Every structure is written in structure tokens, then in C-alpha cells.
**Q** 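Below you'll find the structure I mean.
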Amino acid sequence: MSLLRIEDAGQLRQRLHDWRGDGERIALVPTMGNLHAGHLALVEQARRHCQRVVTSIFVNPTQFGPNEDFSSYPRTLEADLQALAGHGCDVAFVPGLATLYPFGPAQAHRLSPPLLADVLCGRHRPGHFDGVAGVVARLFNLVQPTLAVFGEKDFQQLRIIERMTVDMAYDIEIARAPICREPDGLALSSRNRYLDAGQRRCAPRLHDTLLALSRSWHEGADAAAISQAGERMLATAGFVVDYVEVRHEDDLQLAQDRARPARIFAAARLGGTRLIDNLALVASQEWRAGH
Ligand code: PAF
């Protein structure tokens, strides 16, 4: 079947109602468009689990701060639709502002995710995760998918949505998708296109730094030492650092217990471009076995 482009909530509901009536499972892949191979991998993952895939494309104003890149965020709808058509997506849901915010973004009901949103990017981008949770909840309500796929690059976002799904009693399975990287290690992101040639050459140092820090972690350095070393390494490479932190995967608290799953998280800027990345720290015994 060819890709359907749907803007209207009523038309979307009707189409999904028919598919559900035929016993088909529906997956949702929420995006802000400007699709790259990382997004398309989410679509493919969704396709493997469900008969129908809906990809939403909406640059959500409520998750951008006043000095952030909402107006300049890349909008490439025609190319996105072509890419989705080639990757087995059934519906591109492209809602207008009034579909998701009938009373306007300023008058919208707000969702404030507790705790998990207070650290990492939440500390540096106040209100960002309220905006993310609010728009994802609206998309969940409109699409009512069986499954929704989110990438691990935005790991804090993923954890907030996993928790929101339980807390708000959504009957939706959240699937995690691994980070897609360029051959030199740079995590795929729509914002990579803002990098000039020099910044692009420097950008993979973010991932290199996380790899080096993961070795230090396994050699016994604690979370505070990793943080300091990471900030120093990135600053030396030319980044302006927001944070480098080792936190547990479940509650995003600073990592203290090496037996619990943890990740190194980093956010840093090259010029006006903010890059984020993270790396899972495998349990120490597993790491020793592999080295
Ligand atoms: O990860 C993103 O692209 C956005 O935060 C999301 C989940 C589509 C909500 O706008």
C-alpha cells in the first residue's frame, strides 16, 4: 500500500478504526521530520512488530525554549514523505498546530514529568520535557497505538515517556531503538546539518570521549571523576560543555552502584549547535570478559 498523508484528526481516527477492526496492530513513530537514517530505522523496527505504521511529523513549539531553534528547525516535508513511502510506512500524520493545540500552545493543558526531567537536558532546557510529554500524550491519544518507538539517543526523553506511559495508564508498549551513528561515530541527528565543515570534523570527538570515559569507569574511576575528565576532554576538543554525567538508566540518579545499569550522558555545543550523546556502561564482569 502506498503512503497516506493525513493532516486531519477525524480522518486519521477513521482510518485507524478500520485497520483495528481488521485486527491489525498499529505502531506510532513520533518525529519532528527532517528524517534521517536513524528515524527510518525506527520505522523499520515498528514495521517488524505491527501491520501498520504511523509516523507523525510535527515540529512541536512547546518543547523549544525562547532562544532555541524552533523557527530555523529544518522542515523537509516532501523529502520526508518520499523516505517514508520507501520504508513501509502506511500513514504520515502531519497535523497542523490547531489539531494538537486546539486552544493554542499557550492555553494548552500541561504535563510536568516529575524527577526524571529535573536533571541532564531538563536542567539546561527548562520546560523542554513538559513540551515533549504534552505532545507525545496528545499523539498517543489521537493514534492509540499498540506500540510506539523511540530512539535511545534521546535516552532521557525515552525514560520520561516510558514512565509517563505507566503513570498515565496508557496501554502502549514502548520500544527502544539503538542509536544510529555515522561511520566516524557521530550520532545521527537532524541538528548535525547545522555543523560547518570544521565543526563536523570535531563532532565525533563527543562519541570518542564517551568511549574513553567508559574505559576509565571500568578501571575504577567514579562518577565525579568521569564527569570532570569528560568536561576537560570535550573543552580541549573545542566544545562548550553542558554536562558529562554517569547516571543509572532507570531513575537517572548519579551512578554509584556498578552492578546497576548505567550510562554516560553528554551534551555539548559546537558553535550554535547543541549535540547530545550517551553510551551504555555494560556491567563490569561483562566488560572484563570482552577485554
Ligand atoms: O524526539 C523527537 O523528535 C521529539 O522530541 C518528539 C518525540 C517527536 C516529540 O516532539
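Each residue takes its place number in the sequence, starting with 1. The shown structure was predicted, so the numbers you read here are calculated from the model rather than taken from an experiment. Order of appearance sets the numbers: ligands from 1, and atoms from 1 within every ligand.
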**Q** I'd like to check whether Q63 has a polar contact with ligand 1, where a contact means an N/O of the residue lying under 3.5 Å from an N/O of the ligand.
**A** yes
**Q** Which of the atoms of ligand 1 are close to V135, meaning less than 4.0 Å from one of its heavy atoms?
**A** 9 (C), 10 (O)
**Q** If I apply the N/O under 3.5 Å rule, does Q157 come out as touching ligand 1?
**A** yes
**Q** Under the side-chain contact (heavy atoms from CB on, under 4.5 Å) test against L270, which residue among V240, D196, L234, L275 passes?
**A** L275
**Q** When the ring planes of F140 and F150 are compared, do they come out parallel, tilted or perpendicular, using 30° and 60° as the limits?
**A** perpendicular
**Q** In the hydrophobic clustering that connects Ile, Leu, Val, Met, Phe, Trp and Tyr at side-chain heavy-atom distances below 4.5 Å, which members other than M32 occupy its cluster, ordered by chain and number?
**A** V59, F64, F70, Y73, Y194
**Q** Please identify each residue that fulfils salt bridge (charged side-chain N to carboxylate O under 4.0 Å, His left out) with D8, with sequence neighbours left out.
**A** none
**Q** List ligand 1 atoms under 4.0 Å from P30, heavy atoms only on the residue side.
**A** 8 (C)
**Q** Suppose I only count heavy atoms of T31 and a 4.0 Å limit; which atoms of ligand 1 are within that range?
**A** 8 (C)
**Q** If we count only N and O atoms by modelled type, under 3.5 Å, do the side chains of Y243 and S227 hold a donor and an acceptor together?
**A** no
